[in-house]
K.L.:
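Input: one structure, supplied below.
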Amino acid sequence: MTSKLKLPVESRMQGDLQVRFGGRSEKTYRRKAARRLVAPSLHVKYAKEPLMLNIEMADFIHDGEAVNRPNNAQEIYLKELGKESPMLVHLIMKSIHKENKRKVKHIGSKRFGIQYLLKGIYVHSDLLYFHTEIKNQSNVPFDVDYITFKVVDKKVVKRTAIQEQVLLPVRAYNYVVRVAGKKTEQTVFCLPKFTIPDDKELVVEMNEKEGGRHQSFVVENSDLVRALTINELSVK
């Protein structure tokens with residue numbers, strides 16, 4: 001049995017943009033009108049010269065800490081996250097990052113004083129979470145240029161773009177761009193659920209900006225299918 005949170009209807013008008021959030025039973029006084037439930041709606045009209053270019057949604061995408069609203073008061077869902085609430089995705093990534101446990105102990109790389117580890121793989125609904133860590137054991141800061149997730153053929157010596165399938169994370173918690181000397185940083189990536197054919201593997205590559213201390217590690221399909229489940233009740 002599920003219970004739905006009902007919020008008062010609230011309308012905003014700015015230029016040619018009208019937004020309505022929430023839903024409540026509204027009584028009208030027109031003849032033959034009955035009590036009805038006002039459904040959430042979003043109405044947008046094109047304006048050649050709009051009065052506002054940015055709409056702040058911070059009050060509706062939050063973790064329940066910054067504003068005085070319950071954690072289950074999330075109204076906005078995003079296409080790339082499917083049926084998963086953006087708020088819940090944020091809380092899951094935050095919880096994984098805070099717990100900071102190494103569940104996977106055999107995947108990683110280490111070169112030139114830089115260690116790049118996969119600490120855990122988690123699954124919830126139709127999303128996978130990759131918990132990664134960068135450890136800089138040198139005195140020279142490490143600047144991250146980019147990180148890629150690619151599904152490639154195992155037996156191809158010289159891979160080409162045609163043989164690679166790039167997977168784009170839909171979210172990242174604490175995305176690291178710089179790791180100071182003798183410091184450690186961790187990032188949690190969220191990707192749509194996927195598995196890998198037997199003749200392919202997932203390669204995660206991290207390149208150093210204006211440097212050569214690049215790192216990469218390989219994830220097999222057997223690692224993906226052993227992803228740990230997320231207990232929503234323990235997510236804070």
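Heads up: numbering here begins at 1 and tracks the sequence.
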K.L.:
Look at R171 together with E80 and state whether they make a salt bridge at an N to O cut-off of under 4.0 Å.
P.N.:
yes
K.L.:
Has K182 got a side-chain atom pairing as donor or acceptor with Q137's backbone, closer than 3.5 angstrom?
P.N.:
yes
K.L.:
List in chain and number order the residues that pass side chain to side chain contact (heavy atoms under 4.5 Å, CB included) with V225, two or more places apart in sequence or in another chain; answer none if no residue qualifies.
P.N.:
N221
K.L.:
Measure across V179 and K183 and return the closest heavy-atom pair with its distance rounded to 0.1 Å.
P.N.:
CG1-O, 3.3 Å
K.L.:
State, yes or no, whether a side-chain contact exists between F142 and M206 at a heavy-atom distance under 4.5 Å.
P.N.:
yes
K.L.:
Determine whether K119 and N100 satisfy the following criterion, side-chain contact (heavy atoms from CB on, under 4.5 Å), listing intermediate values before the conclusion.
P.N.:
CA-CA 8 Å; K119 303 189 72 173; N100 193 21; 2.7 Å; yes
K.L.:
For E208 and R213, indicate whether the former's side chain and the latter's backbone hold a donor-acceptor pair under 3.5 Å.
P.N.:
yes
K.L.:
State yes or no: do L128 and L118 share one hydrophobic cluster built from I, L, V, M, F, W and Y residues joined by side-chain heavy-atom distances below 4.5 Å, directly or via other members?
P.N.:
yes
K.L.:
Using a 3.5 Å distance criterion without hydrogens, assess whether the side chain of Q186 forms a donor-acceptor pair with backbone atoms of H131.
P.N.:
no
K.L.:
Identify the two heavy atoms, one from A180 and one from N136, that lie closest to each other, and give their separation to 0.1 Å.
P.N.:
O-ND2, 3.3 Å
K.L.:
What are the two closest heavy atoms between K105 and R102, and how far apart are they?
P.N.:
O-NH2, 3.4 Å
K.L.:
After noting the C-alpha distance and the side-chain angles of D126 and K83, does the key distance pass the side-chain contact (heavy atoms from CB on, under 4.5 Å) rule?
P.N.:
CA-CA 8 Å; D126 289 329; K83 297 180 180 179; over 6 Å; no
K.L.:
Inspect the surroundings of CG in D199 and state if more than 12 heavy atoms from other residues, nucleotides or ligands are less than 6.0 Å away.
P.N.:
yes
K.L.:
Tell me the closest heavy-atom pair linking S216 and S109, and the distance in Å.
P.N.:
O-CB, 3.1 Å
K.L.:
Side-chain heavy atoms under 4.5 angstrom apart, residues restricted to Ile, Leu, Val, Met, Phe, Trp, Tyr: same cluster for L228 and I196?
P.N.:
no
K.L.:
Would you compute the distance between atom CG of L202 and atom CD of E220 and round it to the nearest 0.5 angstrom?
P.N.:
9.5 Å
K.L.:
Backbone N or O of M87 within a donor-acceptor pair of the S85 side chain at under 3.5 Å?
P.N.:
yes
K.L.:
Within the 4.5 Å heavy-atom criterion, are F130 and V204 side-chain neighbours or not?
P.N.:
no
K.L.:
Test your reading of the model: is there a side-chain donor-acceptor pair from T132 to the backbone of T187, 3.5 Å cut-off?
P.N.:
yes
K.L.:
Please work out whether the ring planes of F189 and Y175 are parallel, tilted or perpendicular, with thresholds of 30° and 60°.
P.N.:
perpendicular
K.L.:
With sequence neighbours excluded, tell me which residues meet side chain to side chain contact (heavy atoms under 4.5 Å, CB included) with V104.
P.N.:
H106, I107
K.L.:
Looking at C190 and L127, what are the two nearest heavy atoms and their distance?
P.N.:
SG-CD1, 3.8 Å
K.L.:
Should V170 and V235 be counted in the same cluster of Ile, Leu, Val, Met, Phe, Trp and Tyr side chains packed under 4.5 Å apart?
P.N.:
yes
K.L.:
Yes or no on side-chain hydrogen bond (donor to acceptor under 3.5 Å, both in side chains) for E205 and H214, after CA distance, side-chain angles and deciding distance?
P.N.:
CA-CA 8 Å; E205 295 180 343; H214 311 315; over 6 Å; no
K.L.:
Indicate yes or no: at least one non-hydrogen side-chain atom of F112 is less than 4.5 angstrom from one of S138.
P.N.:
no
K.L.:
Please assess I96 against I230 for the test side-chain contact (heavy atoms from CB on, under 4.5 Å), listing each intermediate value before the final yes or no.
P.N.:
CA-CA 9 Å; I96 294 172; I230 298 292; 4.2 Å; yes
K.L.:
Using 0.5 Å steps for rounding, measure from the CD atom of Q165 to the CZ atom of F194.
P.N.:
8.5 Å
K.L.:
Can you list the steps and then say if V123 with T229 is a side-chain contact (heavy atoms from CB on, under 4.5 Å)?
P.N.:
CA-CA 5 Å; V123 62; T229 57; 4.3 Å; yes
K.L.:
In the structure I gave you, are the side-chain heavy atoms of V89 and Y129 within less than 4.5 Å of one another anywhere?
P.N.:
yes
K.L.:
Working to the nearest 0.5 Å, report the span between CG of L88 and CE of M93.
P.N.:
10.0 Å
K.L.:
Going hydrophobic residue to hydrophobic residue with side-chain gaps under 4.5 angstrom, can you get from F217 over to F149?
P.N.:
yes
K.L.:
Within the distance-only criterion (no hydrogens, no angle test), does the side chain of N174 pair as donor or acceptor with the backbone N or O of V188 below 3.5 angstrom?
P.N.:
no
K.L.:
With clusters defined by side-chain heavy atoms of hydrophobic residues (ILVMFWY) lying less than 4.5 Å apart, directly or transitively, does I121 cluster with Y173?
P.N.:
no
